[in-house]
Structure formats: structure tokens, C-alpha cells
Asker: 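Take this structure, written in C-alpha cells, and hold onto it; I'll ask about it next.
In this text the structure is predicted, and so the values were computed from the model without any measurement.
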There are 2 protein chains.
Amino acid sequence: MQLDERKKKILQAIIRNYLETGEPVGSRTISKYTDLNLSSATIRNEMSDLEELGYILQPHTSAGRIPSDKGYRLYVDTMLEEKEREIQEMKEVLIEREEKTDQLLKQVARVLADSTNYATMISAPAIRKNKVKFIQLSKVDPHQILTVVVVEGNVIKNSILHVEEELTEEMILKLNILLNTQLNGLSLDEINLGMISAMKAQAGIHSELVSGVIDAVADAIKADEDMQIYTSGANNIFRYPELADQKKASELINTFEEKELLSQLVNDTLSEEESGKNAIQVYIGDETPVQSMKDCSVVTATYELGEGMKGTIGIIGPKRMDYDKVIGTLKTLMSQLDALYKK
Amino acid sequence: MQLDERKKKILQAIIRNYLETGEPVGSRTISKYTDLNLSSATIRNEMSDLEELGYILQPHTSAGRIPSDKGYRLYVDTMLEEKEREIQEMKEVLIEREEKTDQLLKQVARVLADSTNYATMISAPAIRKNKVKFIQLSKVDPHQILTVVVVEGNVIKNSILHVEEELTEEMILKLNILLNTQLNGLSLDEINLGMISAMKAQAGIHSELVSGVIDAVADAIKADEDMQIYTSGANNIFRYPELADQKKASELINTFEEKELLSQLVNDTLSEEESGKNAIQVYIGDETPVQSMKDCSVVTATYELGEGMKGTIGIIGPKRMDYDKVIGTLKTLMSQLDALYKK
DNA sequence: GTTAGCACTCAACTCTTAGGAGTGCTAACA
DNA sequence: TGTTAGCACTCCTAAGAGTTGAGTGCTAAC
């Protein structure tokens, strides 16, 4: 059996209707509210075919039909590309120029959640491959040394090291020079054991301090291992009865709180994106890398804040989410983030 | 009418039983499962009195009784002080010595949530009154100056300032000395406009840079304005049917996600604590400063990480939470945090 | 002051019923 | 051959009736 034009139209009508109402949709509804001018009986025949093809399914006999994951997939893949979206006006006001990236991200998550009524997440830009740009030790106290490491993209990381014996200013200057000349411009992969022991040798009695600093550098570069993820609008899931029952809600809420699980989503999106796919990914039902979201759909997008720092935005909602609107909104948002950092 | 010893015992029995089961408790239950040796009829009379006194209430005629807020309050205030708790063994292993305070706090929240089955929150130590300890400017790029500010308690804050014309190393050294001599040891309140303009005058053409640095200092000190709060176990609320209905759950989840609301709780706890009250606060029902928690009980405690840096821990659960256990756990935890930072 | 007994209340559960939405199938029509 | 009308059938849902059981309040007796 083939999926002809009429079947596609009917499928589209079913999905549209289901997105709106959340109720299984019957043949009579389709017959009445489309311009196909077909009787409900004909629609029934077609629907029967569509079910056989796996695009829709019946929750139980004598209920209407609801889209299957495969149906949603088709909808998202083909029907959507027909018309490039009339752009959803984003409340631009809310995104003021903010120096602090994390503040900005939180705000983006919130605005998105407010305007879509879905749950949202956003990951801070990953900086995995960045290089050391600047290292500075300073004496804060007789026994405390402040280490500051700046990596490319101006991500700053610092820590305080405790030293047993007081260091002279001169010694600190020397160490500063040593560290900067040795490590500057290197990424984490490039700093190997040989280099470290050579540096330790040069540092003489302060070799311990050197290890401390190296650790700090390593920390700074792999800061994204415990990736920062901001979420908002988790309570929106209660808007959708199919997600609001206790078991599912509890699992989802948990996923949102323990950001570790969300990072799978981020990683998956980033790797998909790297492999040349579209910047916007749609995961429907079981396609998601996060188990607890198997009853949801997730739309993710990759954004870039210049200098190759990439982050991920995700919108999590019911399978019957308004794909049109969500994808439109994400596109707008991405171009705005882009514009923001072009400045 | 007076609350005699026997009434107290019956009230206690009612509350205990309700805490366990979550179901309204009837006279017969009390008659059977206490050592009072009274018939259910007598208990009924007493219960009727207790209801008149406002300690218990009936959800509807012909249901058992449940404790009122007033009843819980009495229970927490008096019954609990009788026996100082046999200390709940905390999974000490989980609290490893962690350099990073925020990591530690996250872990504490999680452990608490796991071991109590309630939702938990923990606020990072406030550093409002701390003083500037160290300021350092360094040139990262020809046009980028890194500012590092360390305040007491070793909280470090940094930002990158953009400058139009390149500064010489010498100039930076001069600015460093100027800033450190002027600002060292001052708290935010003590840095006034007069000082700032005096410093600007001394900085000459680099007065703009000075304002930048001052801003950074201000940021560092009032970092707690957007207070860091970590939460865990929000999904535990689904364990308690009386909180798990959609409306309440949605509100609670939202409160947990938008940490702003929780900060009211933190502030209230801190101010109560400052006014000499006990270190552990119990908010029952309407007593809470956070509207959305009016169907919950909240137990909060203040902890101290040395040097006067105080934070708050909160446990949020149903009114029928196991007050005994929660308070015991909090006490243990606080002494452990104490020990941790005595080291 | 305590207790036994009894009538009464009310939520919760079960069972039944009716209604309605929707399907699948068949036969007739263009 | 595709489309349609008609009809029997399924199954969910809501509403109502009846039953059960826990629990109360009151009274009278000990």
C-alpha cells in the first residue's frame, strides 16, 4: 500500500486536530472539518489504511485515532518543510544585553518556557577544546596562593591553594613566568606527564605548588564535565494530562532536577549536529536518549556564542506539541543569540 | 476546658498514628493501640474535647480525626523536647571532603532528600558583610584586563574588562597598588562615593578602569543577592497523596525551580535565627513565608561554615512529616558540617 | 468518670445502566 | 472501481443506586 496525497492530507488533519485537542480523533470530525469533501465512511477506510501503515493507532477499539511516533515523524519531517515559518515574535525586550552568560541563559530558559508553555532547558556553552590563555598566581595570605586560569573564550577559573611555607614575591614571579611560558596556548590534551615533571623539576622545592596549579588548569578546561544546565517551566508538564499522572510526572520532574540526565540530551544533540545534521533536532517518543522522556517529544537546537562555544537549547513537551511553533521560536531565538554575540 | 495529661497522650497518639498512615484516625484505633486502657467511647469524648480545643479536626462527619496546624505545633514544641533524639546515623561516606563548596552543598541536598524522602533545599553561605581581602588586575590581552577580587571567606570573583588603549605593565602595577591600599579591609557599606572619586583622580586617564573595578568589587561582595540555592528530591512530593494533586504539585514544583521564592524561606530563617531563636525552625502549614507551601511543613536549620558565613538548609514535606527524624537528621548534619570546617 | 449500645452519617466501592462516539463491514450507487 | 449510506458492534464514560464499613454523638447504665 502506498501513502498517496489524500492519505497524507488526512494524516495531517488527524495530527493537527490531535495537537489541538489532545483527544483521539474520529472519522466524522475529519470528514466535517477538512476541505476534502469526503464522507466519514471513506475517511474510515483511509484511516484503516493509515493504521495498517503504522502512522496512527487506536488507544482501544471504538476510540478515535491518535498519531503514532512514526506519524509524528512524518509530520515533522515533511509537512513542516513546506512552509518556512512566519516568524514568531519573541519578547525581545526580555533578552537585555547581559554581561553574565549564566544570567542570560537562565532568562532565555524562562522566556522560552513562558512563551511556549513547555518545559525548557539550556546548557551553557561547552569549552572542551579551548586553550590556556593566561595563568596567574598571587599571594593572598602568607599561606594562601590564588590561582587564576583564563582559557580561550574568556572563561575564568580560580582556586585557592594552601602552602606550608611562605613564598617570596620573587618566587611567585618566577613561577608565573614558568607556568605561562610552558602552558600558554596548550589545550588539555597537549599537557602531558613529561611536561609536568619537567616543570616540577624546574620549580624545585615548590614542585607541589606546580601540581596544584596544573590541577587547577585541568579543572578550568574540563569545566564542562559537570555541565551547567538551566531549566525552566518544568511545571508546564501538568498542563498535559497524558504526562501529568503521578508516575510520569515524578520521573520527569526528577530528570529536570538531576541535570545529569539532561546532559545526555545535550551530548546527543551536539554530536548529531557535528555529524552535519540540521541544527534543529526533533526526538519523538522513543527516539529520545533520555528514558524518562519516552512519552514526550523533545526539540533541541544548537546555538553558538562565538569562538566555537556551542550550547544546546531543548524544549520538552508532549508528543502532541506544536512543532510548528516550537521550531519557529527556536529558530528566531537562535538568530537572536547570534546577533547578540556578533555585537 | 484544660489540656490535661491524658488529652495530651491521646493527641500524641493521634498524631503519631496519622504520621504513619496518612489516614484520619478513629477512636477505636486509639483505644486499641495505646496503653491507656480506655474504651473507644471515652476516647471519643476526649477527641470531641480536643476538637473543640482546636488541636484536631474532622475532614468530614463520620471520618476520623486529623491533627490541625495547632496540634502539630504542640507536638513539635512540647512532645518532641521530651526525648533528645537517638542520633540518626547519616551516610557519612557521602560527604567527602570537597574543596568546592557548591559541590558539597549539592551533595548534602541529595543525601538529605534520599535519606528522608522529602524535598530539600540548601542555600549557599551568605557573605554580605565580608570585606575585601585582595584585588588584582592583570593584562590578559592588549585590550582585556582581568580583575580578580577576593573577599573574606575566600570567595573569589572575577571579570574581564575591555580597555580601549593598551596599558603598560607598569601602569597596571600602579593601579594594583592603588586599589589594594585603598580598598583592602573594607566592606561594601564602607566604600563611598568620595573614595571612589578620589581614586579616580589618582588614576588619571585610567579613571574609567577604576569604575570598572569598583563595579567588580561590588559584584563580588553582593554575590549573595542572587542567592545560590540547590534543591533535591522535589519529586518526593509525589509520595504524599495530599500534596500530589495536580494543582498543588505544579505550584510546589514551580517553587522549587524558581529559587527566588525559596530565598524568602532562607531570609526568614536567617532573621529568626539572628533574633536568638533556636537554630532549627519548624514552619507548619500557614506559618510558612512561602505561599505555595501552605499545605506543607518546612523544617529549616542554619549552618555555619566558619568566619560567620551562614547558610540555610530546608526540608519540605507534608504536614505529617516525621518531625522527630527530620530534626534529628538536621542536627546530625549540622554538627557534621561544623566538624568538616573545623578541620 | 467510664462504658456499652445504638442510631446516624458519609465516603468509598461496586454494580448497573444508558448514552455516545467511533469502528468495520456490507451492499448499493455513480 | 471508488464512494457512500446504513447498521451492528465495541467500549469508554458518566450517572445513579445500593452496599459496606468506619466512625461519630448521644444516652443510659454501671
Asker: Select one nucleotide: of dG25(D), dT4(D), dT23(C), the one nearest the side-chain heavy atoms of Thr42(A).
Answerer: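 Per side-chain heavy atoms of Thr42(A), the pick is dT4(D).
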Asker: 5'-most contact on DNA chain C: Glu51(A) or Thr61(B), nearest heavy atom basis?
Answerer: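 The residue mapped nearer the 5' terminus is Thr61(B).
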Asker: Can you tell me the distance, in whole Å, between the CZ atom of Arg65(B) and the P atom of dA22(D)?
Answerer: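 For the pair Arg65(B) CZ and dA22(D) P, the rounded distance is 17 Å.
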Asker: Using whole Å, what does the distance between atom P of nucleotide dT2(C) and atom CD1 of Ile10(B) come to?
Answerer: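 So the CD1-P distance, Ile10(B) to dT2(C), works out to 10 Å.
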Asker: Does Leu265(B) form a side-chain contact (heavy atoms from CB on, under 4.5 Å) with Met121(B)? I'd like the steps, not just the answer.
Answerer: CA-CA 10 Å; Leu265(B) 207 52; Met121(B) 51 153 282; 3.9 Å; yes
Asker: Strictly below 4.0 Å: does Arg44(A) bring a side-chain N or O up to OP1 or OP2 of dC7(D)?
Answerer: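 So the side-chain polar atoms of Arg44(A) never come under 4.0 Å of the phosphate oxygens OP1 or OP2 of dC7(D).
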Asker: Does Ser39(A) have a side-chain nitrogen or oxygen under 4.0 Å from the phosphate oxygens OP1 or OP2 of dT4(D)?
Answerer: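 So the side chain of Ser39(A) is within the cut-off, an N or O lying under 4.0 Å from OP1 or OP2 of dT4(D).
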Asker: Send over the distance from Met47(B) CE to dA22(D) P, rounded to a whole Å.
Answerer: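 So the two atoms are 15 Å apart, to the nearest Å.
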Asker: Given dG22(C), dG23(D), dT4(D), identify the nucleotide with an atom nearest to the side chain of Thr29(B).
Answerer: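 Within the option list, the nearest is dG23(D).
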Asker: Is Ala63(B) touching bases, backbone alone, or none of the nucleic acid, heavy atoms closer than 4.0 Å?
Answerer: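 Sugar-phosphate, no base atom in range.
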Asker: Where do Tyr55(B) and Tyr75(B) land on the ring pair (Phe, Tyr, Trp, His ring centres under 6.0 Å) test, with the steps shown first?
Answerer: CA-CA 10 Å; Tyr55(B) 290 106; Tyr75(B) 179 73; over 10 Å; no
Asker: Expressed in angstrom and rounded to an integer, what is the separation of Ile43(B) atom CD1 from dC26(D) atom C1'?
Answerer: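 To the nearest whole Å, that distance equals 17 Å.
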Asker: Rounding to an integer number of Å, can you tell me how far Lys32(B) NZ sits from dT3(C) P?
Answerer: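 Spelled out: NZ on Lys32(B) to P on dT3(C) is 16 Å.
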Asker: Under a 3.5 Å limit for both distances, which nucleotide forms a Watson-Crick or G-U wobble pair with dC26(D), could you say?
Answerer: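 Its partner is dG5(C).
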Asker: Using OP1 and OP2 only, check whether a side-chain N or O of Ser62(B) sits under 4.0 Å from dA11(C).
Answerer: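 Answer is no, no contact under 4.0 Å.
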Asker: Under a 3.5 Å limit for both distances, which nucleotide forms a Watson-Crick or G-U wobble pair with dA12(C), could you say?
Answerer: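 Here dA12(C) is engaged in a pair, and the nucleotide opposite it is dT19(D).
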Asker: Starting from the C-alpha separation in whole Å, work towards a yes-or-no answer on side-chain contact (heavy atoms from CB on, under 4.5 Å) for Lys7(B) and Gln2(B).
Answerer: CA-CA 9 Å; Lys7(B) 282 191 174 52; Gln2(B) 260 302 345; over 6 Å; no
Asker: Under 3.5 Å for both donor-acceptor distances, Watson-Crick or wobble: does dC29(C) have a partner, and if so which one?
Answerer: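 The answer is dG2(D), by the H-bond criterion.
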Asker: Please report the distance, rounded to the nearest Å, between CD in Glu23(B) and P in dA11(C).
Answerer: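 It is 14 Å, rounded to the nearest whole Å.
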Asker: Any chance you could measure Leu262(A), atom CG, to Gln264(A), atom CD, to the nearest 0.5 Å?
Answerer: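 One finds 9.0 Å between CG of Leu262(A) and CD of Gln264(A).
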Asker: For His60(B) and for Arg6(B), locate the closest nucleotide of DNA chain C by heavy-atom distance; then report the residue assigned to the nucleotide nearer the 5' terminus.
Answerer: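 Between the two, 5'-proximity favours Arg6(B).
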Asker: Establish, for the pair Lys319(B) and Tyr72(B), whether the NZ or CZ atom is under 6.0 angstrom from the six-membered ring centre and no further than 45 degrees off its axis.
Answerer: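 So Lys319(B) doesn't make the cation-pi contact.
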Asker: Can you find a donor-acceptor pair, distance only, under 3.5 Å between Arg28(A) side chain and dG22(C) base?
Answerer: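 Between dG22(C) and Arg28(A), which were checked side chain against base, a qualifying N/O pair under 3.5 Å is absent.
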Asker: Between P on dG2(D) and CG on Leu38(A), what's the gap in Å once rounded to a whole number?
Answerer: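 Distance check: Leu38(A) CG to dG2(D) P gives 13 Å.
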Asker: Rounded to the Å, how far apart are Ile66(A) CD1 and dG22(C) P?
Answerer: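 Computing the Ile66(A):CD1 to dG22(C):P distance gives 14 Å.
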